[in-house]
Amino acid sequence: MNPVPIFLPFFMFLNSNQSPLLWRDQYRQADQLLSFHTEASVQSSHLSTDGMYLLLQGGVVDEALKNSLRATGPGQRLGGDWNTQLRYTNLNDSAFGGKGWGYTLAFSNRLIAESRYHGDAFNLLLDGNAPTAGETLQVGDAFAQSYMYQQVEVGMVKSWVSEKAAASMAFSVGFVNANWYRGFDAPSGTWYTDPIGSYIDFEAEDWRFETSNPEENGFFFPNGTGVSFSFQYEWHWKKRHMLAFSANDVGFIRWSQKSSSSDLDGSIRWEGVVLPNITNISEGFFEDYADSLQGDYLTENPNRAFSTALPMQFNISYGYKFHSLPLACYGQIRWRPLSPWLPLSTLGFLWSPEKIPLRLAGTLGYGGYGTFQAGLDLGFNFGKGYTLQLRTGNVEGLIPNSFSTGLGAGITFTKYFVKP
C-alpha cells in the first residue's frame with residue numbers, strides 16, 4: 001500500500017476542473033479510487049446572471065435589461081464548458097514492480113465554447129446600427145471557437161516518502177477523438193453607418209472562418225484525431241505545507257480533410273439593393289446578389305485539413321493545514337495561454353472535521369471568462385469509501401442578480417477502495 005501522507009486532499013490526478021478532491025485525508029490509506037465527475041459552467045465579463053437566465057428561458061429583452069447587458073471597450077469575454085470524466089487510480093506500490101508506483105486511467109468528454117470581442121460589436125448585435133449612425137465601431141479584434149471531443153488517458157504516478165517530506169509526480173498521455181469544430185478569427189475590422197442612412201462602410205482585414213466536416217457532427221463521430229500530454233508535481237513538507245504544479249491537456253487536434261476554411265478581406269460599401277420592377281424580379285435575383293458579394297470578398301477553401309490546439313492549462317498551488325483546527329487553506333493560479341481566458345487567481349479553504357460525515361470547501365477568485373466569482377463545495381461521506389461532492393464555481397449566480405456574471409454546477413462521486 002502506498003503510504004504517501006496526503007494531509008491536504010488536493011492531489012488532483014490531472015482532473016480538468018482542478019478542484020480539491022474531498023475526503024482524501026480520511027481515506028489516505030486507500031490505494032485505489034474510482035471517481036465520476038461532471039460540471040458545466042458559463043461565464044462572461046459583462047453579462048449578468050439575470051440576463052443569462054432570461055436569455056436561456058427565451059424571455060423578452062426589454063430596454064432596461066439591454067442597458068445592463070451592454071459592453072464597453074475591447075477584450076470582452078463570454079465562454080463556457082461542460083466537462084465529464086470517469087477516472088480510475090491505483091496507487092499500489094507493486095503495480096510496476098517497484099516501490100511508490102501507481103497508474104491512472106481516464107475517459108473524458110469535453111464541450112467548450114468561448115469568445116473574445118469588442119464591446120462595440122456586441123452592442124451592434126444588441127441594438128442594431130441606427131443608434132450609432134455617424135460613429136466608427138470596432139468589430140475586429142475578435143475570436144470565437146466551439147468544439148467537442150473525447151479523450152482516453154493513461155498515466156503513471158510516482159511517490160517518494162521520508163519522515164519530513166513527501167512528493168508525488170504524475171504524467172499521462174491521451175488519445176483524442178474530436179467530433180466538431182467552428183472557429184472565427186478577426187484581427188481587425190470597423191463598421192460605419194452614414195448619419196442619413198444612405199450607406200454602410202464595413203472593413204474586414206484577414207478574417208478567417210474554419211469548420212470541421214459540416215455534414216457529420218454527431219457525438220463520437222471521428223472528425224479529427226489528436227494527442228494530449230499532462231504532468232503534475234506535488235511536494236509536501238512538515239506535514240503542513242503543500243506546493244503543486246501541473247500542466248494539463250498540452251496537445252493538438254488534426255481535423256479531417258473534409259474540413260474547410262474561408263477568408264474575408266476588403267472594404268465594402270453597401271448602399272442597399274436596387275430593385276427592378278417588382279413584377280420582373282427573377283427567381284435568382286437575391287441569390288445572384290449574394291453570390292456576387294461572396295465572389296468579390298470571400299475566398300473559400302473546401303476540403304482542407306487544419307489543426308487546433310487543445311485547451312492547455314497551467315496551474316500552480318500552495319496549501320497550508322492548520323495545526324489545531326480541522327481547516328486548510330490554499331491559493332491557486334490557473335492560466336490557459338491559447339484561450340480568451342484571463343489568468344484565474346483563487347483563494348480557498350477546506351473545512352474537514354473528524355467526527356461528522358461532512359466536508360465544506362469554498363473559493364474566492366477573479367479571472368477566467370468572467371470577473372469576480374465565489375465557489376462552494378459540499379462533501380458527504382456515506383461510509384465504506386463512498387463519497388459525494390456537490391459544487392458550484394458561481395454560488396452567487398444561483399439566484400439571478402445584476403452583479404454576478406457566471407453560472408455553474410457540478411457533481412463528483414468517488415469510491416475509495418480500502419483493504420481490510
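We use all heavy atoms of the structure for the numbers below, so side chains are in, but hydrogens, waters and symmetry mates are not.
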Would you call V227 and L310 a side-chain contact if the rule is heavy atoms closer than 4.5 Å? no

CG/L33 to OG1/T104 distance, rounded to the nearest 0.5 angstrom? 8.0 Å

Taking the side chain as everything from C-beta on, heavy atoms only, tell me whether L388 gets closer than 4.5 Å to F382. yes

Salt bridge check, E39 against R391: does any charged N sit closer than 4.0 Å to a carboxylate O? yes

For a 4.5 angstrom cut-off between non-hydrogen side-chain atoms, does V157 reach M169? no

For N301, the side chain to side chain contact (heavy atoms under 4.5 Å, CB included) test, sequence neighbours excluded, returns R208, S261, D263, T299, R304

Side-chain donor-acceptor pair under 3.5 Å between W160 and S168, yes or no? no

Going by atom types alone, do R336 and Y369 pair a side-chain donor with an acceptor below 3.5 Å? yes

Check this for me, if you would: do R110 and D249 make a salt bridge, where the nitrogen-to-carboxylate-oxygen distance has to be below 4.0 angstrom? yes

To the nearest 0.5 angstrom, please state how far the OG atom of S256 sits from the CG atom of N213. 5.5 Å

Given 3.5 Å as the limit, does a donor-acceptor pair link the side chain of S115 with the main chain of L78, or not? yes

Would N109 and Q150 count as having a side-chain donor-acceptor pair, cut-off 3.5 Å? yes

For a 4.5 angstrom cut-off between non-hydrogen side-chain atoms, does F380 reach L390? yes

Mind running side chain to side chain contact (heavy atoms under 4.5 Å, CB included) on L342 and R77 for me, showing each step along the way? CA-CA 9 Å; L342 280 184; R77 306 175 306 280; 3.5 Å; yes

Is the distance between the ring centroids of F122 and H46 less than 6.0 Å? yes

Does F107 CZ have over 12 foreign heavy atoms under 6.0 Å away? yes

Less than 4.5 Å apart, side chain to side chain, heavy atoms only: is that true for I333 and L344? no

Within the distance-only criterion (no hydrogens, no angle test), does the side chain of T392 pair as donor or acceptor with the backbone N or O of G408 below 3.5 angstrom? yes

Hey, mind stepping through F372 and F403 against side chain to side chain contact (heavy atoms under 4.5 Å, CB included) and telling me if it holds? CA-CA 9 Å; F372 287 102; F403 62 86; over 6 Å; no

Donor-acceptor side-chain pairing of T38 and T84 below 3.5 angstrom: yes

Tell me yes or no: between the side chains of N394 and Q43, is some donor less than 3.5 Å from an acceptor? yes

Mark yes when over 12 heavy atoms from residues, nucleotides or ligands other than K415 sit less than 6.0 Å from its NZ; otherwise mark no. yes

Taking the six-membered ring for Trp and the single ring otherwise, decide whether the centroids of W180 and F221 are under 6.0 Å apart. no

Under 3.5 Å, is there a donor on one side chain and an acceptor on the other for S230 and N248? no

We want to know whether Q76 and S45 form a side-chain donor-acceptor pair, criterion being a heavy-atom distance below 3.5 angstrom. yes

Looking only at atom types and distance, does a side-chain atom of Q373 sit under 3.5 Å from a main-chain N or O of T371, one as donor and one as acceptor? yes

Is the backbone N or O of E215 less than 3.5 Å from a side-chain atom of N217, with the two atoms forming a donor-acceptor pair by type? no

So, the side chain of W191 versus the backbone of E203: is there a donor-acceptor pair under 3.5 Å, distance only? no

Give the ring-plane orientation class for F184 versus W207, where under 30° counts as parallel, over 60° as perpendicular and anything between as tilted. perpendicular

Could you tell me if the side chain of L376 sits less than 4.5 Å from the side chain of L360, heavy atoms only? yes

Results of ring-ring contact (aromatic ring centres under 6.0 Å, His included) for F252 - residues two or more places apart only: none

Sequence neighbours left out, cut at 3.5 Å: what donor-acceptor pairs do the side chains of residues 131-148 make with other protein atoms?
{"unit_1": "T132", "atom_1": "OG1", "unit_2": "N129", "atom_2": "O", "d": "3.3"}
{"unit_1": "Q145", "atom_1": "OE1", "unit_2": "Y181", "atom_2": "OH", "d": "3.1"}
{"unit_1": "Q145", "atom_1": "NE2", "unit_2": "E114", "atom_2": "OE2", "d": "2.6"}

Does any donor atom in the side chain of N90 or Y88 lie under 3.5 Å from an acceptor atom in the other side chain? yes

Heavy-atom check, side chain of S212 versus side chain of R182, under 4.5 Å: yes

Starting at CD1 of I399, measure out to CG of D50 and round the result to the nearest 0.5 Å. 12.5 Å

Examine the side chains of R87 and S35 and answer whether a donor and an acceptor come within less than 3.5 Å of each other. no

Using a 3.5 Å distance criterion without hydrogens, assess whether the side chain of S307 forms a donor-acceptor pair with backbone atoms of R254. no

Counting distance only, does the side-chain N/O of N177 pair as donor-acceptor with the main-chain N or O of Q151 below 3.5 Å? no

Kindly compute the distance separating OG1 (T89) from CG (D31), expressed to the nearest 0.5 Å. 11.0 Å

Looking only at the aromatic ring of each residue, does the gap between the centers of F231 and F171 stay below 6.0 angstrom? no

Any chance the side chains of Q85 and S108 put a donor and an acceptor closer than 3.5 Å? yes

Atom CZ of residue position F175 - does it have more than 12 heavy atoms of other residues, nucleotides or ligands inside 6.0 Å? yes

Are the aromatic ring centres of F245 and Y233 under 6.0 angstrom apart? no

A side-chain contact here means heavy atoms from C-beta on lying under 4.5 Å apart; do W341 and R334 qualify? yes

